[in-house]
2 protein chains.
Amino acid sequence: MQELDCYSGNDMMYVATDCIVFGFSSDELKLLIFPRRVEPNKGAWSLIGSFVTLDEDVDSAAQRVLEQITGLEHVFFEQLKTYGAADRDSGYRCISVAQYALIRIGEYDRELVEKHGAYWYKLDEVPPLCLDHDQMVRDALTELRRKARYQPIGFELLPEKFTLPQLISLYEAIYQKKLDPRNFRKKILSLNVLTKLEEKDKSNSKKGAYFYKFNSENYKRLLESGYHFEL
Amino acid sequence: MQELDCYSGNDMMYVATDCIVFGFSSDELKLLIFPRRVEPNKGAWSLIGSFVTLDEDVDSAAQRVLEQITGLEHVFFEQLKTYGAADRDSGYRCISVAQYALIRIGEYDRELVEKHGAYWYKLDEVPPLCLDHDQMVRDALTELRRKARYQPIGFELLPEKFTLPQLISLYEAIYQKKLDPRNFRKKILSLNVLTKLEEKDKSNSKKGAYFYKFNSENYKRLLESGYHFEL
DNA sequence: ACAAAAGTGTTACGTGTACACCCATGA
DNA sequence: TCATGGGTGTACACGTAACACTTTTGT
C-alpha cells in the first residue's frame, strides 16, 4: 500500500515499563520492590515492571502491572521518564518507560503482594537495585517532592479518611523535615479542599483527631479559578 | 548462557524520538516544523524526529537529529514525555520519546534548515501536525512555561549577550502577558546570575541597552546554597 | 489529677506588586 | 528640542514563619 515507508531498515527493540511504587505507613515513606525471577540479574532486587505488548498502550501496561501486584484497579500513577541508554540492559536492547505510583498501604491485596515476594522498604533502607532502577527511584523521589508542592497528590498515599496530624506527618516524611502544625493547618484549610467529618480517630490520642477527606470538586474549582496551588 | 531469560516471546517495536524545537525572534516564540517526506502521512507537517537505532542511546538519537537539522553540536534539550498509545502510528507500532529543544535562532545553519524544507512558525499560527505531534507541542509548551519559572532555561533561547529588554520580552512571549519591567529587573538582578557588560545594544534605541550575559557559576552556587529559584 | 496528643491566634518580617518619572541619545 | 526606548525607587498588601498555651479525655 505504501510505496516508500519509513519503517523498513530500522531497528526494533523491547519496550518495558517499570513502576516505582510508593506507600506510606508508620510515618514513613516506603518503596515496594521485588526479587527478580528471570535472567539477567535473577535474584537481584528490582522494581516491578513488564514488557509492553504490541497491542497495548504503554500506560495500559503500567496499569496492568500495578493491578497484578496490588489487586487494585485504580491506582494513581504518572509517567516519570524514559530510560533509554543503549547499555542499560545487559541482555538485549530494551528501553524502559518508568512510572511512579502512589498507593494506599492497607487497601491493596496483601496476598497478591506476598505471592510475588514483594517487600516494602523504608526509603532510606532500600537495598541496591538492578540495572538503572536505583536512578529511577532517586528521580521518582525528586519528582514526588516537586509534585507534592504544587498538586495535592499526597492524598493518594493516605486512606480516604485521614486526620490532619496524619497529613502533616506525610508531608514531613516527603520533605524529611519538621513542619509547624499551626502554619500547615492554616494553609491547607484555607485552600478549602478538605471536608471535615464528624468522626474522630481516637487511635493515637485520648482526645481524638477529626477525620477529613479530600474534596476534589473544590480542588477542581480552585484550579479553574486560576489559583496557583502550593504547599 | 541464560537458561531462562525474560525476552523470548515478547514483542519488539520501533522506538522514535521527536523533537519540539523552540526558538525566539522578533519578540515571538517560534516552532520549527517540517513537511513529512515519508509514508505514512507524507506531506503533512511534522516535528523532526528519527528512529532510535539498536546501538545508540535515546538521548543520543535526539542529539543526532538536532545536529543534523541545525548544524549545532550543543543544543539544549530535555526529555518531555513518551508517547506510547498503541494506535498512535498508523503504520506500525512505534512509540516516541519526545524531547523539547531550545535553540538560538541565528546561530544555527540556515542552509541545513532550508535544505530540509523546515519552517519557523509563530506558536499561535502553527498548522495542524501529523500523528500526535499537536499534543506534543501543547505538552512541551506547558512544560516550557513551568520550567522557565524555576530554572533559567530561557537563556538558551537568547544570544549569549542579551539585553534586559530582550529578556523581558522573552518572558512575556513565554507567559503571554505583560510583565512590569521594574519588578522584573529587580528580581532577576537580585539573583546575581547576570553579568553586566560594558557594551550596549543600540539597535533598538538611541540610548542603548546594556548587554548582559548569564553567569552559570553564580547560578550553580545559588542552587548549591539551597535557593529556590523562581521568576 | 495527670499524661498525651489535638487544636488554636498573634506578631514580625520579607517578598511581591502596583505605580510614575527622569535619563541618554540620535535625528 | 523632541521623540524613543532604557533605566530607577517607593509605598502598600499579602503571605510566610516564628512562637506558647489551652482543650479534651482515658487512665
Side-chain angles (χ1 to χ4, degrees), chain A residues 26-27 148-150 152 158-159 161-213 222 225-231, chain B residues 26-28 145 148-150 152 158-159 161-213 222 225-231:
Chain A
S26 315
D27 294 341
R149 260 219 302 284
Y150 306 110
L158 292 175
K161 296 190 295 188
F162 54 87
T163 66
L164 287 186
Q166 275 183 293
L167 187 60
I168 294 174
S169 138
L170 168 62
Y171 274 85
E172 287 178 338
I174 293 178
Y175 294 124
Q176 300 280 17
K177 68 171 182 182
K178 282 280 163 202
L179 299 175
D180 182 314
R182 287 162 296 199
N183 292 336
F184 187 88
R185 275 163 187 275
K186 207 187 315 173
K187 192 156 186 179
I188 191 80
L189 290 177
S190 75
L191 294 174
N192 259 320
V193 295
L194 297 186
T195 305
K196 187 177 186 174
L197 307 180
E198 292 303 311
E199 197 184 352
K200 277 188 165 188
D201 169 23
K202 296 213 171 187
S203 62
N204 286 307
S205 74
K206 323 284 172 82
K207 184 178 179 179
Y210 282 104
F211 278 119
Y212 287 78
K213 56 180 195 184
L222 186 68
S225 75
Y227 185 79
H228 178 61
F229 181 92
E230 184 157 0
L231 268 183
Chain B
S26 315
D27 293 340
E28 302 257 17
R145 291 198 171 119
R149 261 219 300 285
Y150 306 110
L158 292 175
K161 296 189 294 186
F162 54 87
T163 67
L164 287 185
Q166 275 183 293
L167 187 59
I168 294 174
S169 138
L170 168 62
Y171 275 83
E172 286 179 338
I174 293 177
Y175 295 124
Q176 298 281 18
K177 68 172 184 181
K178 283 279 164 205
L179 299 174
D180 183 313
R182 286 162 296 199
N183 294 336
F184 187 89
R185 274 163 187 277
K186 205 188 314 173
K187 191 156 189 181
I188 191 78
L189 290 177
S190 75
L191 295 174
N192 258 321
V193 295
L194 298 187
T195 304
K196 188 176 184 174
L197 307 179
E198 292 303 310
E199 197 184 350
K200 277 188 164 187
D201 169 24
K202 298 212 169 185
S203 61
N204 287 307
S205 74
K206 326 284 172 80
K207 183 178 179 180
Y210 282 105
F211 278 119
Y212 286 78
K213 55 181 196 183
L222 187 68
S225 75
Y227 186 79
H228 179 63
F229 180 92
E230 182 157 1
L231 266 183

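Residue numbers start from 1 in every chain, and the chains themselves are labelled A, B, ... in the order their sequence lines are given, proteins ahead of strands. Values below: all heavy atoms of this structure, side chains included; hydrogens, waters and symmetry mates excluded.
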(request) Identify, between A/Ser205 and A/Pro181, the residue whose nearest nucleotide on DNA chain C lies closer to the 5' end. (result) A/Ser205

(request) Would you mind reading off the distance between A/Lys202 atom NZ and D/dT27 atom C1', rounded to a whole angstrom? (result) 13 Å

(message) So, under a plain 3.5 Å distance rule, would you say the side chain of A/Lys200 forms a donor-acceptor pair with the base of D/dT25?
(response) no

(request) Hey, could you give me the NZ/OG1 distance between B/Lys202 and B/Thr163, rounded to the nearest 0.5 Å? (result) 14.0 Å

(request) Provide, to the nearest angstrom, the distance between the CZ atom belonging to B/Arg182 and the C1' atom belonging to C/dA20. (result) 6 Å

(request) May I have the distance from A/Leu179 (atom CG) to D/dA17 (atom C1'), rounded to whole angstrom? (result) 12 Å

(message) Quick check against the 3.5 Å criterion: does B/Tyr175 have a side-chain atom that pairs as donor or acceptor with the backbone of B/Arg149?
(response) yes

(message) In this structure, how many angstroms lie between the C1' atom of D/dG15 and the CG atom of A/Asn183, rounded?
(response) 11 Å

(request) State plainly whether the residues A/Glu172 and A/Lys177 are in salt-bridge range, i.e. N to O under 4.0 Å. (result) no

(request) Assess whether one donor atom and one acceptor atom, taken from the side chain of A/Lys186 and the base of C/dT10, lie less than 3.5 Å apart. (result) yes

(request) Can you check whether any acceptor in the base of C/dA4 is under 3.5 Å from a donor in the side chain of A/Asn204, or vice versa? (result) no

(request) Would you please indicate if the ring centroids of A/Tyr150 and B/Tyr150 are separated by under 6.0 Å? (result) yes

(request) Grab the CG-P distance between B/Leu167 and D/dG6 for me, whole Å please. (result) 13 Å

(request) Please report, rounded to the nearest Å, how far the P atom of C/dT17 is from the NZ atom of B/Lys187. (result) 7 Å

(request) Classify the side chain of A/Lys207 and the base of C/dA6 as holding, or not holding, a donor-acceptor pair under 3.5 Å. (result) yes

(request) Would you mind reading off the distance between A/Leu191 atom CG and D/dG15 atom C1', rounded to a whole angstrom? (result) 12 Å

(message) Assuming nearest nucleotide by heavy-atom distance, tell me which of A/Gly208 and B/Lys196 is located more 5' along DNA chain D.
(response) B/Lys196

(request) For the pair A/Lys161 and A/Glu199, evaluate salt bridge (charged side-chain N to carboxylate O under 4.0 Å, His left out) and give the outcome as yes or no after the intermediate values. (result) CA-CA 9 Å; A/Lys161 296 190 295 188; A/Glu199 197 184 352; 2.7 Å; yes

(request) Could you tell me the separation between the NZ atom of A/Lys178 and the C1' atom of D/dA18, rounded to a whole number of Å? (result) 17 Å

